[in-house]
Amino acid sequence: MSQHLVAPSLLAADFTNLPAELAMFNESEADMLHLDVMDGRFVPNITFGMLMIDAMRKMTEKPLDVHLMIEEPERYVEDFRKAGADIISFHYEATQHVHRVAQQVRASGAKAGVAINPHTPVSLLSDVLEEIDLVLIMSVNPGFGGQKFIYRTINKVEQLKNEITARNLQVQIEIDGGVGLQNAEALLRAGADILVAGSSVFKSPDPKDSIKRLKAIESDRKFYI
Ligand code: DX5
Ligand code: ZN
């Protein structure tokens, strides 16, 4: 059985103490660091940009999973790659040219992900699945950490997993927003490969242990390769 990945989201970390947060992350069983870039246009919030990715690159050897919540992501793909992104996910709703931007991300040397908002059906991705490495399914409306998980998302994970399996593709499914021990098993069973966890890791009393528990979940997934 393929083991799922856990990606703690830096958004929920204590920004006054990043070296300690990164030390915890590095020592933990976490697989990669999820970094939420927000522009105040695509989403109401503003977070950080290339400088933060560059700083994180110097503080960990684990992959950097960059989630761009910015309008016209095509303007910045190469900059984020240069800053150290291993995976670049951009939003389906933020560009007119999803197929082209996916190719642009892959050409930069990063893995390409397309993120979809809760209202966007997974069926809209059918014609780009060959061009991408992962689909990031948002299970909250993007913009803020600590929101309530939208349960309908589990159906979307299952629907997409069925399509990926039926077409024998290698695309991974990442789930982001309100994810924790209370819903992780159902998500893995539905077909999620990567769990993003912000609050449920960094705001927990023992973040390293929370990561360990998320990694330890076993799911008798219906479809896996
Ligand atoms: C929300 C971000 C998420 C966020 C998740 O727009 O994309 O990555 O950090 O945080 P939690 O796990 O607290 O919902
Ligand atoms: Zn995110």
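Owing to the predicted nature of the structure, the values given are computational and were not obtained by experimental measurement.
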Taking atom OG of Ser139 and atom CD1 of Ile175, what is their separation to the nearest 0.5 Å? 4.0 Å
Do the non-hydrogen side-chain atoms of Asp31 and Pro63 ever get within less than 4.5 Å of each other? no
Give me the atom names and distance for the closest heavy-atom approach of Val135 to Leu125. CG1-CD1, 3.5 Å
Least distance between heavy atoms, Phe80 atom then Met50 atom: CZ-SD, 3.4 Å
Using a 3.5 Å distance criterion without hydrogens, assess whether the side chain of Ser200 forms a donor-acceptor pair with backbone atoms of Val179. yes
Minimum heavy-atom separation for Leu214 to Ala184, with atom names? CD2-CB, 4.0 Å
Do you reckon Val122 sits in the same ILVMFWY cluster as Tyr151, going by side-chain contacts under 4.5 Å, direct or chained? yes
Is there a side-chain contact (heavy atoms from CB on, under 4.5 Å) between Tyr92 and Val128? Walk through the geometry before answering. CA-CA 11 Å; Tyr92 176 88; Val128 291; 6.0 Å; no
Following the transitive rule for hydrophobic clusters with a side-chain heavy-atom cut-off under 4.5 Å over Ile, Leu, Val, Met, Phe, Trp and Tyr, establish whether Phe42 and Val37 coincide in one cluster. no
N/O donor-acceptor pair under 3.5 Å between Lys203 side chain and Ala13 backbone: no
Does Phe15 form a side-chain contact (heavy atoms from CB on, under 4.5 Å) with Met52? I'd like the steps, not just the answer. CA-CA 11 Å; Phe15 278 48; Met52 180 64 105; 3.5 Å; yes
Donor-acceptor contact below 3.5 Å, side chain Asn45 vs main chain Phe144: no
How far apart are the C-alpha atoms of Asp176 and His67, what are their side-chain angles, what is the distance that settles it, and do they pass the side chain to side chain donor-acceptor pair (under 3.5 Å) test? CA-CA 10 Å; Asp176 183 10; His67 177 190; 3.1 Å; yes
State, to 0.1 Å, how close Leu64 and Ile53 come at their nearest heavy-atom pair, and which atoms those are. CD1-O, 3.7 Å
Do Leu187 and Val157 come within less than 4.5 Å of each other through their side chains, counting heavy atoms only? yes
Rounded to the nearest 0.5 Å, what separation is found between the CZ atom of Phe90 and the CD1 atom of Ile70? 11.0 Å
Please name all residues satisfying side chain to side chain donor-acceptor pair (under 3.5 Å) with Asp86, sequence neighbours left out, ordered by chain then number. Arg57
Nearest 0.5 angstrom please: Met59 CE to Leu18 CG, how far? 6.0 Å
Quick check on Gln96: does its CD atom have over 12 non-hydrogen neighbours (other residues, nucleotides or ligands) under 6.0 Å away? no
Short question: side chain of Asn117, backbone of Thr120 - any donor-acceptor pair under 3.5 Å? no
If we check side chain to side chain contact (heavy atoms under 4.5 Å, CB included) with Pro142, which of these qualifies: Met69, Gln147, Glu93? Met69
Do side-chain atoms of Ser28 reach the backbone of Lys208 as a donor and acceptor pair under 3.5 angstrom? no
If you group Ile, Leu, Val, Met, Phe, Trp and Tyr by side-chain heavy-atom gaps below 4.5 Å, do Met32 and Met138 land in one group? yes
Work out which heavy atom in Phe202 is nearest to a heavy atom in Ala12; give both atom names and the distance. CB-O, 3.3 Å
Heavy-atom pair with the smallest gap, counting every atom of Phe149 and Gly177: CD1-O, 3.3 Å
Looking at Leu22, is its backbone amide N or carbonyl O close enough to the side chain of Asn26 to form a donor-acceptor pair, meaning the two atoms are under 3.5 Å apart? yes
As a quick check of understanding, evaluate side-chain contact (heavy atoms from CB on, under 4.5 Å) for Ile87 and Ser89, giving each step before the final call. CA-CA 6 Å; Ile87 299 171; Ser89 295; 4.0 Å; yes
Hydrophobic cluster membership, with links at side-chain heavy-atom distances under 4.5 Å among I/L/V/M/F/W/Y: are Leu160 and Val114 in one? yes
Salt-bridge contact Lys212-Glu29 (side-chain N to carboxylate O under 4.0 Å): yes
Measuring from Asp54:CG to Lys58:NZ, what's the distance to the nearest 0.5 Å? 3.5 Å
First locate atom CD1 of Ile194, then atom CG of Leu136, and finally report the distance between them rounded to the nearest 0.5 Å. 8.0 Å
Chi angles and distances behind the side-chain contact (heavy atoms from CB on, under 4.5 Å) call for Ile46, Met38: CA-CA 5 Å; Ile46 300 177; Met38 305 188 192; 5.5 Å; no
Would you say the side chain of Val66 lies within less than 4.5 Å of the side chain of His34, judging by non-hydrogen atoms? no
When you measure from the side chain of Asp39 to the backbone N and O of Glu71, does any donor-acceptor pair fall under 3.5 Å? yes
Got a donor-acceptor contact below 3.5 angstrom from the Arg167 side chain to the Asn162 backbone? no
Determine, step by step, whether Asp36 and Thr47 satisfy the side chain to side chain donor-acceptor pair (under 3.5 Å) criterion, reporting the C-alpha distance in whole Å, the side-chain angles of both residues, the deciding distance to 0.1 Å, and the verdict. CA-CA 7 Å; Asp36 291 301; Thr47 54; over 6 Å; no
State, yes or no, whether a side-chain contact exists between Ile173 and Lys161 at a heavy-atom distance under 4.5 Å. yes
Please tell me if the side chains of Ile154 and Glu158 come closer than 4.5 Å, counting only heavy atoms from C-beta onward. no
The test is side chain to side chain donor-acceptor pair (under 3.5 Å); show your working for Ser210 and Ser204 and say whether it passes. CA-CA 7 Å; Ser210 300; Ser204 78; 2.7 Å; yes
Less than 4.5 Å apart, side chain to side chain, heavy atoms only: is that true for Arg106 and Asp133? yes
Kindly work out whether a path of hydrophobic side-chain contacts (I/L/V/M/F/W/Y, heavy atoms less than 4.5 Å apart) joins Val98 to Ile116. yes
Mark yes when over 12 heavy atoms from residues, nucleotides or ligands other than Arg100 sit less than 6.0 Å from its CZ; otherwise mark no. no
Residue pairs meeting salt bridge (Lys or Arg N to Asp or Glu O under 4.0 Å), one or both in residues 74-84, sequence neighbours left out, come to Glu72-Arg75
Using modelled atom types only, decide if a donor and an acceptor are shared between the side chain of Lys156 and the backbone of Ile137 within a distance under 3.5 Å. no
In terms of heavy-atom contacts, does NZ of Lys111 have more than 12 from other residues, nucleotides or ligands at under 6.0 Å? no
How long is the span from the NE2 atom in His91 to the CG atom in Leu68, to the nearest 0.5 Å? 8.5 Å
Can you find a pair of side-chain heavy atoms, one from Pro118 and one from Val140, that are under 4.5 Å apart? no
Non-hydrogen side-chain atoms of Leu188 and Glu218 separated by less than 4.5 Å: no
